[in-house]
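Please read the structure below before turning to the comments.
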Amino acid sequence: MNYFVKGNPDLCIGCRTCMIGCVVAHEGKHIFEIDPDSYTFNPKLHMVKTAKLSVPVQCKHCENPACMAVCPVGAISRKGNAVVIDTDKCMGCKSCMDACPFGAINMVPVAGSSQADGSEKVVANKCDLCSGIPSGPACVRVCPTAALTLVTEEELDSAMEKKRQEAARTAYREMYPQK
Amino acid sequence: MALKQVQTTCPYCGAGCQIMFTVDADANKIVEAVPADGRTNAGTLCLKGHYGWDYLNDPQILTKRLRKPMIRKGGKKSPLEEVSWEEAISYVAAKLTEIKEKFGPDSIMGTGSARGAGNEANYLMQKFMRACIGTNNVDHCARI
Amino acid sequence: MSMGIPEIEDAGCLLCFGYNGADSHPIVARRIVRGRQKGMKIICADPRVTETARISDIHLQLKGGSNLALVNAMANVIWTEGLADTQFIEEHTKGYDEFLKVIEKYTPEYAEPITHIPAEEIRKAARMYATTKPAMILYGMGVCQFTQAVDVVKGLANLALMTGNFGGPSMGIGPVRGQNNVQGACDMGALPNSYPGYQNVTDPAVREKFEKAWGVPLSDKVGCPITHVPHRVLHEEDESKRIHAYYIFGEDPAQSDPDLAEVREALDKCDFVVMQDIYMNKTGLYADVILPATAWGENEGVYTCADRGFQRFRKLIEPEGDLKPDWQIIAEISTAMGYPMNYKNTEEIWDELIDLCPSFKGATYEKIEKYGCVQWPCRDKSLEDKGTPYLHKNGVFATADHKALFYGTDWHPPLELENDQYPMTLSTVREVGHYSVRTMTGNCRTLRNLEDEPGWVQMNTEDCRRMGFVKGELVKILSKRGYCITRCLPTDRVKPGATYMTYQWWIGACNELTTAKLDPISNTPEYKYCACRVEKIEDQEWAERHVMELYDDIRAQMGIDTGKGAKA
Amino acid sequence: MKKEIGSFVVGDSTKCTGCKACELACFTVHSRKENPVGKTVGTVTVPVTPRLYLTKFEGGCMPIQCKHCEDAPCLNACTKKAITRIDHQVIVDQEKCIGCKDCMQACPFGAIALLPVSKGGKVVAQVSGETRVYASKCDLCQGIEGGPACVRVCPHQALRLVDPEAEREEKNIRAAEALLLTKNWR
């Protein structure tokens, strides 16, 4: 089962530290020294603010990913506990973007690349769970209110187990109220 | 490269968060900023605390760091010319003295600074306005 | 702040009035969120749905400019429903009866049409605040940037006094000071009416002490507030009050003061303007002399944070260029003018000033270094005195007879109301990713990439649909003082007829629009309320190009000589 | 929402009945610019050249058309530079196209076909007398009143015009609201 990062709207204050943390983790610390327009600032999670809530939304690393299913060039695949996009293969056809019900995929330019008409290549961009990056998902690490948590298979399973035991207990109490 | 750890207070909002910086002393540049265990921030930082330090290497995105004293020698609309500190200090001292004698100390207004300068600089500024110039005309942007 | 920031999360109830922690102080907002998790009740009074509002128990979404009507109505409910702490009022306060006469007419029903909040909601909020102990009040610019700012601050203090919410932890009333050292600049006496340590310039005994310490006679006339400078330069008839020289240190009035057109004219007409700063900025365009100072990270000293905490800041890297620390520049100019100031380092200055201020006396560098932070008052130099987390312990107040004074007054509307030519209201708010006039964060690459010119104007989604605006569209916003171009941000967090902009943007500069009408006592401008109009720009291509051209003009004016963006 | 990336039309084989109304509508609205095409089939004197292609497969049938890719293989493969991006949509210039078939091979969707050019009610001939052809693919009815004709005529609403960025924002909000319901998952 894949892992995923999820935000808690009760803790999130909409400050977007996670969005910068994501870019820094993927682009590397040299971005604090180079021309800010020489790389693509492409956070892989997106802050959502409505009257009711503020929380970032990102890829849920589904088990039967709709994006993987529609990709015409097989650019999307499972790697470790995450679903990742090979941006070299991707040609920006947006099928995955249309297929994803969470809006977790957007299209971003690849800095320094160029198409035949001179414009930059534009490819799909989504959370890759910081796969290959030490100390795990940067957004979880930098969030000042711990609103983002990494949910692993083990944690999800144990949570389900706990809920089932609780359900069993309440069922038992219904039948034998005095005991 | 000689890396050293320096803890300091964030220059931005009033929460007074403590940040631990890794500094490369030889290259004279900041390598990393991570939260420190301060009384108010307890090991957390916001986006300005985490990522608000690279203005120090003067990327000139919006404006640029001032590097040398400058004077508009030809009056209000003339260009700024770089001068030495001695010339700048004596020029300011002379002009302020001249205006003080001509229009009195209360014709001079000074400001403190609520930002990076620090308490000691603000103390000296109000002492300068009060003891050297002779007026209480000192204020700063707490009011705006 | 009468309480410490860490105490926020242990409060029973938080009345968050005109304060948006999530954008102004994310780490203070963290405490509010943690308090919520521990079951803290939250009442949020704000015309917008802020982050605190959306997790609050009661959101009093009042009409902008109706603060005092709401505060007086809450006081009325606490009094009439017998929820006041009569014992605390008896022992620790004065003037309660006169105060009651003023708030008598402010029933919730009276306040409803002014505040647009149902009377029952006001009652519910007042009861929750009065009956949940300990209760804490946090307020910010939503209270201070009105022409009735001081009255509302006293109004909020009345609520805390009525309910005995002083003297212990996690209670009291706290203006969460905005900038890293605005509390410090006030502590140091960079105010026209007070010496360091809040000692009044009109008090002969205090003045004598400072005259003896500094060796010169001192003026007993309260000085000129920063918001009077344009008037005192341009329109002052009394020759003795006219201002001819402006020594601007670490400030940028040409960006952060209201009614920028008037500020620019004043800077232009002022005989001699000195600017001492770390960056070239809009004010620098009018400066006759520019003195380059070292920036944060290149010097060291002490800041005071929002809850009165003295903390050290330290040098990280050596400065490049011909720079001097601010204190050294001021000392050299003073010496050149015949008043010698020679200090070896900041500690020597600090030791001199704490001995002149009884409430800072004990906060030596050594102690600050040892404990990391010392909250004043800290009167004893011995290491045992660790400072004061919260003020007014056991209800002992800093007045002569240690009693707190109630103060009631009537509400009046903001001074520039919306009209048919300018049918909407404009209020300034904060952008979390940027700071002050953005010379620092505007030059931080990732902060600039997250949010850049020309900023946004937040508008109600219905208004946007009616006016045909979509998200990201460039619009023109005008008041009778000026206009600017910015991007439209339709949101449900804002009520119809209201617009909100942040003041950091140089192109989307909302201070071109704001009014310079001042609170009579604090002289703070009414940033939170002026009349404005938003116009559609038909040719969006032109508008986008125009914004880019303005950005390049600014860079050229600031003397940037590299290519677009940054020096590699 | 300011337009940042291209829109496209996509079919739904669970609704499509293969009636080809879309193909005819597509041909008509485009051909009418240069050829006299009336209201009835009888008035058509030129080959029908649609820009989307009804395709049958084991699961049923649906039209296949261009996605207006953001890093378009066809655009990159077209050495003649006959394919460009206009207002974020990928457009073939009929006059420049020399029918080299590279774009057809590059496109992973098969969204491009070589079809005859016709003007003034007859096919256009080359020097050799053979009919001139061009790479025919969806241009999202650029410049045609009312937007994509195929979407308008489909009797079963089996074709949908997708504005990916605007839809992404709405889906983000729904995803965020779901997080409200799963916050106590532990």
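Remember, it's a predicted structure, so these values are computed and weren't measured experimentally. Numbered from 1 within each chain, the chains take letters A, B, ... in sequence-line order.
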Quick one: what part of [X] sits under 4.5 Å from any heavy atom of chain C, side chain, backbone, both or neither?
X        : result
B:Val92  : both
B:Gln18  : side chain
B:Ala42  : both
B:Tyr51  : both
B:Leu47  : both
B:Leu45  : backbone
B:Lys73  : neither
B:Cys141 : both

Contacting moiety of [X], where chain B heavy atoms sit under 4.5 Å:
X        : answer
C:His228 : neither
C:Arg177 : both
C:Asp277 : both
C:Asp187 : neither
C:Arg30  : side chain
C:Met341 : side chain
C:Val201 : side chain
C:Ala287 : backbone
C:Val216 : side chain
C:Phe210 : neither
C:Leu518 : neither
C:Val432 : both
C:Tyr279 : both
C:Val222 : backbone

When [options] are compared by non-hydrogen pairs under 4.5 Å with chain B, the top option:
options                                : answer
C:Gly372, C:Ser436, C:Pro319           : C:Ser436
C:Asn299, C:Thr304, C:Thr335           : C:Thr304
C:Tyr435, C:Trp327, C:Tyr551           : C:Tyr435
C:Cys186, C:Gly189, C:Cys373, C:Pro217 : C:Gly189
C:Tyr247, C:Trp296, C:Trp506           : C:Trp296
C:Met1, C:Lys221, C:Lys324             : C:Lys324

Let's test your reading of the structure: which of [options] forms the most heavy-atom pairs below 4.5 Å with chain C?
options                               : value
B:Thr40, B:Val6, B:Val23              : B:Thr40
B:Lys100, B:Met125, B:Lys102, B:Glu82 : B:Met125
B:Thr44, B:Ile133, B:Thr135, B:Thr97  : B:Thr44
B:Gly112, B:Gly14, B:Cys10            : B:Gly14
B:Asn119, B:Thr111, B:Asn122          : B:Asn119

Does any donor atom in the side chain of [X] or [Y] lie under 3.5 Å from an acceptor atom in the other side chain?
X        : Y        : value
C:Asn281 : C:Thr439 : no
B:Thr22  : B:Gln5   : yes
B:Asn41  : C:Arg31  : no
B:Asn136 : C:Asn193 : no
B:Trp85  : C:Asp322 : yes

### Full working for side chain to side chain donor-acceptor pair (under 3.5 Å) between C:Glu352 and C:Tyr343
CA-CA 10 Å; C:Glu352 172 186 319; C:Tyr343 297 92; 2.7 Å; yes
Is the backbone of [Y] close enough, under 3.5 Å, to the side chain of [X] for a donor and an acceptor to pair up by distance?
X        : Y        : answer
C:Tyr246 : C:Val274 : no
B:Thr63  : C:Met558 : no
C:Gln145 : C:Pro525 : no
C:Ser334 : C:Ile330 : no
C:Tyr303 : B:Gly116 : yes
C:Asn443 : B:Ile61  : yes
C:Asn345 : C:Glu348 : yes

### Query
How many angstroms lie between NZ in C:Lys269 and CG in C:Asp271, if you round to the nearest 0.5 Å?
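Output value for this atom pair is 11.5 Å.
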Do [X] and [Y] sit within salt-bridge range, that is, some charged N less than 4.0 Å from a carboxylate O?
X        : Y        : value
C:Arg448 : B:Asp54  : no
C:Asp288 : B:Lys95  : no
B:Arg65  : C:Glu298 : yes

Run the side-chain donor-acceptor check on residues 28-35 of chain B: report pairs under 3.5 Å with partners two or more places apart or on a different chain.
unit_1: B:Asn28; atom_1: OD1; unit_2: C:Glu318; atom_2: N; d: 2.8
unit_1: B:Asn28; atom_1: ND2; unit_2: C:Glu318; atom_2: O; d: 2.9
unit_1: B:Lys29; atom_1: NZ; unit_2: A:Glu33; atom_2: OE2; d: 2.9

### Query
Between C:Arg232 and B:Asn137, is a side chain to side chain donor-acceptor pair (under 3.5 Å) present by the stated rule, with each step listed?
CA-CA 12 Å; C:Arg232 296 272 289 265; B:Asn137 286 351; 4.6 Å; no
